Amino acid sequence: MKIRFWPALIVVAVILVTTRLGFWQLSRAHQREALNAHLTEFQHATPIAVGPQSVPLAAIEYHRVVTHGTWMPERVVYLDNRPYKDAPGFYVVMPLKFADGSAVLVNRGWLPRSEEDRTKIAPYATPAGDVEVVGLARANASQAFALGQSGAEAHQSIRQNLAVDAYARETGLRLQPFVIQQDDGARDGLVRDWPTQVANAQQNYGYMVQWWAMAVAALAFGLYAARRAALHERRAPVAEAPETPDTPEIPNTPDKH
């Protein structure tokens with residue numbers, strides 16, 4: 001049986017790529033399971049005290065933290081298009097200033113938006129003086145889909161998203177590289193019913209099965225195609241060699257002397 005080079009190469013390439021993608025999804029599932037284990041551990045751990053000294057994001061993300069400072073309501077930013085139980089609203093993000101003038105951004109919670117005027121939100125309290133804030137350290141205050149820079153213009157109180165480094169450049173504040181997602185019991189009128197921080201490893205397992213199923217399907221197709229090609233070769237008629245005409249014999253004649 002002759003193996004055709006290019007079809008065989010394509011089948012092998014598909015099998016190799018889909019198998020590799022399946023193992024990649026398996027690795028992602030294991031990473032998410034490890035993250036879930038860490039999240040569970042951090043949720044029950046004693047909050048880490050943070051202050052003016054900068055803490056790398058990689059060392060603090062998803063940890064519970066506690067800090068003290070004074071609110072900066074003049075620097076508040078409202079993140080638009082943050083629904084809660086199907087009601088439109090905003091996340092209230094405000095800097096908390098430390099004694100040395102540096103600060104950390106705090107996602108204080110959610111408030112509903114006015115149905116008559118989309119720029120208005122319900123009132124909330126901002127206590128003066130030193131306050132304690134407890135919450136979860138996050139890379140950002142929540143990320144919503146946006147086209148280009150729409151809704152993220154500098155110096156706007158209502159935006160779609162807010163990046164810590166961009167806000168630091170905009171305001172000149174020395175900010176910690178993370179945002180505290182406040183979850184204490186402060187009585188200020190804000191809702192802090194945050195979504196559960198769980199990485200969905202089952203989704204990666206589903207993708208893994210899909211990729212490996214494609215690899216098996218490609219293998220089965222290659223074997224089927226090879227078998228059909230072999231049967232076709234066996235059934236093909238063998239070309240008969242053309243008959244050569246008989247050469248007439250020349251009778252021997254006696255030599256005449």
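What you see is a predicted model, and the numbers here were worked out from it, not measured in a lab.
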*Pair S142-R82, side-chain donor/acceptor within less than 3.5 Å*: yes
*State whether a side-chain donor-acceptor pair under 3.5 Å links N204 with Q25.*
yes
Donor-acceptor pair, distance only, cut-off 3.5 Å: does the side chain of [X] make one with the backbone of [Y]?
X: N107; Y: A141; answer: yes
X: R32; Y: Q203; answer: no
X: R192; Y: A186; answer: yes
X: R28; Y: A201; answer: no
X: Q176; Y: Q53; answer: yes
X: T67; Y: V133; answer: no
X: R227; Y: A225; answer: no
X: S27; Y: F23; answer: no
X: H63; Y: E61; answer: yes

*asked:* Within this structure, what is the CG-CG distance for the pair L175 and L105, rounded to the nearest 0.5 Å?
replied: 5.0 Å
*Hey, any chance F98 and V131 share a hydrophobic cluster, counting ILVMFWY side chains that come within less than 4.5 Å of each other, even indirectly?*
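Yes, same cluster.
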*If you group Ile, Leu, Val, Met, Phe, Trp and Tyr by side-chain heavy-atom gaps below 4.5 Å, do L111 and V76 land in one group?*
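Yes, because L111 and V76 connect within a single hydrophobic cluster, where side-chain heavy atoms sit under 4.5 Å apart.
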*Partner set under side chain to side chain contact (heavy atoms under 4.5 Å, CB included) for M214, not counting sequence neighbours*: T18, W211
*Please identify each residue that fulfils side chain to side chain contact (heavy atoms under 4.5 Å, CB included) with V191, with sequence neighbours left out.*
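With neighbours one apart ignored, the set is Y84, W110, D193.
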*Could you please spell out the steps behind the side chain to side chain contact (heavy atoms under 4.5 Å, CB included) verdict for R108 and Y124?*
CA-CA 10 Å; R108 297 185 58 187; Y124 61 96; 3.7 Å; yes
